[in-house]
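Shown next, in structure tokens, is the structure this report addresses.
In this chain, residues are counted from 1 in sequence order.
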Amino acid sequence: MSTKPVTSTATVRAIFLDVDGTYADYGVVPDGHVRAVRAARSAGHKVLLCTGRPVSMLPRSILAAGFDGLVASAGAYAEVDGEVLLDRRFPADLAARTVAVLDGHEAVYILEAQDSLHVAPEAEPRLRAIIEEHFRRAPDGHSRGSSAILGSVRATTNRAATAFAKISVFEAPVPMERIAREIGVGIAVVANSIANEGRHAGELYQRGISKADGVAAVIARLGIEQENTVAVGDGQNDLEMIAFAGVGIAIEGSPPELLALADRVAAPPHREGLVAAFADLGLI
């Protein structure tokens, strides 16, 4: 892990924050993180979320601090001040192949669109049970974060005709790598930040798309140089973003490959790690 120098606070920087495990803990944002985001924006910096979640999974409680834009669906979607910069969805043939393979294995999954989430009607009860179980593990014992997902879920029969950006698989009878191989060309898989890998869970996305694509689109729109970007994350879908950023920050406990790429390490959300990280970089 290297350490890059802190630049002047006069330099406007674009800060990209992963959500789950970075900005929020079990869907709940600590007060210190809200204050840090608002302080950084007051200092003239641009702060954006950069998440694997689609827009439909971002409740007001997560957006409440106020942001200059967001990257969603792990780089398939990006917007700045309400202007959509990217909106990439699965091509029809890839969507049909993906749904067919998942249904063939009777997997429990969500098709993630920016305006809604789609689940097979017969899988909806199991999906709700898995998600509620996960959020019950929150340190405060509450499951508030589950509503951000379950509140947007629709039981959809004709899922292959749905325009979606990514798929979260919460349970399957076979490993995700096998499912990806069966789907074939154009698909890639990464670990899911919510579901338990013991259930053969993961996220399926279009190969070649990453959060770095969204970051690049945003800074081009804002006129900010790559060297003046800061990215913070904790998961496998943050690898490209951390490598791309001028300063990459990994959360303690991140996968070894992410820690190896990062320039700095921050404490997790329950210790309000972004507060110290922003201060150390002169952002607040």
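With sequence neighbours left out, Ala155 forms a side chain to side chain contact (heavy atoms under 4.5 Å, CB included) with Pro121, Glu124. Residues forming a side-chain hydrogen bond (donor to acceptor under 3.5 Å, both in side chains) with His33 (at least two apart in sequence, or on another chain): none. Every side chain to side chain contact (heavy atoms under 4.5 Å, CB included) that Glu225 has, sequence neighbours left out, goes to Glu227, Asn228. Applying the side-chain hydrogen bond (donor to acceptor under 3.5 Å, both in side chains) criterion to Arg207, with sequence neighbours excluded, gives no partner residue. Residues meeting the side chain to side chain contact (heavy atoms under 4.5 Å, CB included) test with Ala107, sequence neighbours left out: Leu102, Tyr109, Val169, Ala172. Shown here are the side chain to side chain contact (heavy atoms under 4.5 Å, CB included) partners of Ala78, two or more places apart in sequence or in another chain: Val71, Leu85, Leu86, Val218.
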*asked:* Test side chain to side chain donor-acceptor pair (under 3.5 Å) on Tyr77 and Glu79; report intermediate values, then the result.
replied: CA-CA 7 Å; Tyr77 179 90; Glu79 66 174 62; 2.6 Å; yes
*Verdict with reasoning, Val265 to Ile249, per side-chain contact (heavy atoms from CB on, under 4.5 Å)*: CA-CA 5 Å; Val265 175; Ile249 303 174; 5.9 Å; no
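Identified under the salt bridge (Lys or Arg N to Asp or Glu O under 4.0 Å) test for residues 233-248, with sequence neighbours left out: Lys211-Asp238. Among residues at least two apart or in separate chains, salt bridge (Lys or Arg N to Asp or Glu O under 4.0 Å) pairs with a member in residues 244-253 are Glu252-Arg271. Under the salt bridge (Lys or Arg N to Asp or Glu O under 4.0 Å) criterion, the residue pairs touching residues 27-44 are Arg41-Asp68, with sequence neighbours excluded. Every pair tested for ring pair (Phe, Tyr, Trp, His ring centres under 6.0 Å) that includes a residue from residues 209-265 fails, sequence neighbours excluded, so the list is empty. The stretch residues 105-116 participates, sequence neighbours left out, in these salt bridge (Lys or Arg N to Asp or Glu O under 4.0 Å) pairs: Glu112-Lys166.
Using a 4.0 Å cut-off between charged side-chain N and carboxylate O, Arg221 and Asp81 make no salt bridge. In this structure, Glu177 does not pair ionically with Arg181, as no charged nitrogen and carboxylate oxygen lie closer than 4.0 Å.
Note that CE of Met176 and CD1 of Ile187 are 8.5 Å apart. Values are rounded to the nearest 0.5 Å. Here Asn158 contributes atom CG and His118 contributes atom NE2; the two are 11.0 Å apart, rounded to the nearest 0.5 Å.
A donor-acceptor pair is defined here as one N or O able to donate and one able to accept, closer than 3.5 Å; no such pair exists between the side chain of Arg159 and the backbone of Ala96. Using a distance-only test at 3.5 Å, with no hydrogens or angles considered, a donor-acceptor pair links the side chain of Gln206 to the main chain of Arg89.
Ser56 and Gln114 share no donor-acceptor pair across their side chains, judged by distance under 3.5 Å alone.
Aromatic ring centroids of Tyr23 and Phe16 lie 6.0 Å or more apart.
Of the listed residues (Leu49, Val28, Asp20), just one forms a side chain to side chain contact (heavy atoms under 4.5 Å, CB included) with Ile62, and that residue is Leu49.
By the 4.5 Å side-chain criterion applied to Ile, Leu, Val, Met, Phe, Trp and Tyr, Val275 is assigned to no cluster and stands alone.
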